[in-house]
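Since the structure comes first, as structure tokens, the remarks are kept for the end.
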Amino acid sequence: MAGVRIQAGASLRLDDIYRHTRDRWGGEQAERYITGLFAAFDRIASHGVASKPVPAEFGVDGFFFRYEHHFVYWRKLSNGDIGIVTILHERMHQMDRFREDFA
């Protein structure tokens, strides 16, 4: 089974998501949300999440799926692992933030 690698942009987003959720809804909810995200990452290789190809206008090979209020962008790495590229909130301007994190 493929491993999951959290890339730099995604790591920063996870920290932001945790802090925002903790500050707004408490530590317990933040832990639940982050744990749920990681469980979803683990289901990518087994097709346990319904991923779609990243639209052509993004100019990259990759996939995405929705987890609650976030979109998770990922790609297959050259060694066969899953690379979590970024995680963007549904209210963010996806194209701009995606380009920042994929660069």
Side-chain angles (χ1 to χ4, degrees):
M1 180 181 255
V4 175
R5 306 286 173 245
I6 308 298
Q7 299 184 305
S11 181
L12 293 172
R13 300 287 183 205
L14 283 167
D15 290 345
D16 290 344
I17 292 166
Y18 181 85
R19 278 192 300 274
H20 175 78
T21 305
R22 181 198 62 210
D23 293 349
R24 185 140 187 185
W25 293 285
E28 192 174 309
Q29 177 60 27
E31 289 292 328
R32 240 188 332 268
Y33 199 82
I34 295 297
T35 299
L37 272 168
F38 274 88
F41 300 163
D42 288 340
R43 291 192 306 270
I44 292 171
S46 65
H47 304 286
V49 293
S51 294
K52 297 177 184 177
V54 171
E57 60 265 23
F58 283 81
V60 298
D61 287 328
F63 302 89
F64 73 99
F65 65 91
R66 186 181 185 120
Y67 176 81
E68 295 192 20
H69 297 288
H70 288 86
F71 290 97
V72 176
Y73 291 90
W74 64 275
R75 63 180 165 197
K76 283 220 176 205
L77 302 176
S78 60
N79 67 356
D81 285 349
I82 303 296
I84 305 299
V85 177
T86 194
I87 305 144
L88 303 178
H89 192 272
E90 64 192 0
R91 292 185 185 168
M92 287 180 170
H93 188 273
Q94 300 290 307
M95 188 75 87
D96 291 344
R97 297 294 176 96
F98 180 84
R99 284 193 177 122
E100 285 173 21
D101 289 348
F102 233 100

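Atom CD1 of Ile82 is separated from atom CZ of Arg75 by 11.5 Å, given to the nearest 0.5 angstrom. Taken to the nearest 0.5 Å, the CZ atom of Arg22 stands 11.5 Å off from the NE2 atom of His20. A distance of 10.5 Å separates CD1 in Ile87 from CD in Gln7, rounded to the nearest 0.5 Å. Going from atom CH2 of Trp74 over to atom CZ of Phe65 covers 8.5 Å, rounded to the nearest 0.5 Å.
Annotation: side-chain hydrogen bond (donor to acceptor under 3.5 Å, both in side chains) contacts of Thr21 (sequence neighbours excluded): none. The side-chain contact (heavy atoms from CB on, under 4.5 Å) check on Asn79 picks up Leu77, Asp81, with sequence neighbours excluded. In this view, Asp16 and Arg19 satisfy the salt bridge (Lys or Arg N to Asp or Glu O under 4.0 Å) rule, not counting sequence neighbours. Partners of Arg43 under the salt bridge (Lys or Arg N to Asp or Glu O under 4.0 Å) rule, at least two apart in sequence or in another chain, do not exist in this structure. With sequence neighbours excluded, no residue satisfies ring pair (Phe, Tyr, Trp, His ring centres under 6.0 Å) with Tyr18. In this structure Arg32 satisfies the salt bridge (Lys or Arg N to Asp or Glu O under 4.0 Å) test together with Glu28, sequence neighbours excluded. Applying the ring pair (Phe, Tyr, Trp, His ring centres under 6.0 Å) test to Phe41 and every residue at least two apart in sequence or in another chain returns Phe38.
Val72 pairs in a side-chain contact (heavy atoms from CB on, under 4.5 Å) with only one of the listed residues (Leu88, Val85, Leu37), which is Leu37.
Across all non-hydrogen atoms, the minimal contact from Ile84 to Ala10 is O-CB, 3.3 Å. Pro55 and Phe64 make their closest contact through CD-CE2, 4.1 Å (heavy atoms, listed as atom of the first residue, atom of the second, distance).
The aromatic rings of His89 and His69 lie parallel to each other, with less than 30° between the two planes, well short of the 60° mark.
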**Prompt:** After noting the C-alpha distance and the side-chain angles of Ile6 and Leu14, does the key distance pass the side chain to side chain contact (heavy atoms under 4.5 Å, CB included) rule?
**Reply:** CA-CA 9 Å; Ile6 308 298; Leu14 283 167; 3.9 Å; yes

